[in-house]
Amino acid sequence: MCGFALGAKDVLLTGSSDPRFMQYIVIWALFSIFIYFCTGSIKKVIIKDQTLLVSNYITDRQIPLADIQSIGGSSFMSPKQVWFTLKGSGTSSVKISFIPVGKRVRGPGKHPMVKELAEELNIEVAG
């Protein structure tokens, strides 16, 4: 986003008198919305003593591992995301997404951590 803004500074600083101004604003807004929806729900997750410690960088929450229904992950996004789906009451469920720290995985397929955590916690892997 910053690179786009620096590259477009002449157009943006000229203001609406430049015919490309609105085009740059629209592209910038669309990319911002895309990035927000892809990463806006990312949490910091730590597993410690049968508890999932979840932080959205403002508040912290502790969730028992027994409340996890399934684990899944993105197959084509980079960086790979991993998520837990919590058991919910009724038809609603809560999904907690995070990006694993450490090794980066390239190519299609879920992050190896999905399989490792599913086996370790004895939970199912979501489709």
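Sequential numbering from 1 along the given sequence is applied to the chain's residues. Only this structure's heavy atoms are used, side chains among them; waters, hydrogens and symmetry mates stay out.
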Task: Minimum heavy-atom distance K80-P100, with the two atoms named - done: O-CD, 3.4 Å
- [ ] Look at the side-chain heavy atoms of Ile, Leu, Val, Met, Phe, Trp and Tyr, link any pair under 4.5 Å apart, and say whether V82 and I99 land in one connected group.
- [x] no
- [ ] Mind checking the CZ-OG spacing from R61 to S55? Nearest 0.5 Å is all I need.
- [x] 12.0 Å
TODO: Report yes or no: does N56 contribute a side-chain atom to a donor-acceptor pair with the main-chain N or O of I58 at less than 3.5 Å?
DONE: yes
Open item on the list: Tell me the closest heavy-atom pair linking G72 and V114, and the distance in Å.
Closed with: O-CG2, 3.6 Å
- [ ] List the atom of I123, the atom of S70, and the distance in Å for their closest heavy-atom pair.
- [x] CD1-C, 4.2 Å
Open item on the list: How long is the straight-line distance from NZ of K43 back to OG1 of T59, given to the nearest 0.5 Å?
Closed with: 8.0 Å
Open item on the list: Quick check: closest heavy atoms across Q69 and E124, and the distance to 0.1 Å?
Closed with: O-CG, 3.7 Å
TODO: For S97 and Q81, work out which heavy atoms get closest and say how close.
DONE: CB-OE1, 4.1 Å
Open item on the list: Once rounded to the nearest 0.5 Å, what's the spacing between atom CD1 of I71 and atom CG of L121?
Closed with: 7.0 Å
Task: Cluster overlap W83 with L117, hydrophobic side-chain contacts below 4.5 Å - done: no
Open item on the list: Could you tell me if the side chain of I46 sits less than 4.5 Å from the side chain of K44, heavy atoms only?
Closed with: yes
TODO: Check whether any side-chain heavy atom of F84 lies under 4.5 Å from a side-chain heavy atom of V45, and answer yes or no.
DONE: yes
- [ ] Report yes if the side chains of Y36 and S32 come closer than 4.5 Å at any heavy-atom pair, otherwise no.
- [x] no
Open item on the list: According to a hydrophobic-cluster definition based on side-chain heavy atoms being under 4.5 Å apart (Ile, Leu, Val, Met, Phe, Trp, Tyr only), do I42 and L52 belong together?
Closed with: no
Task: Test item: L65 and I68 side chains (from C-beta on) under 4.5 Å apart, heavy atoms - done: yes
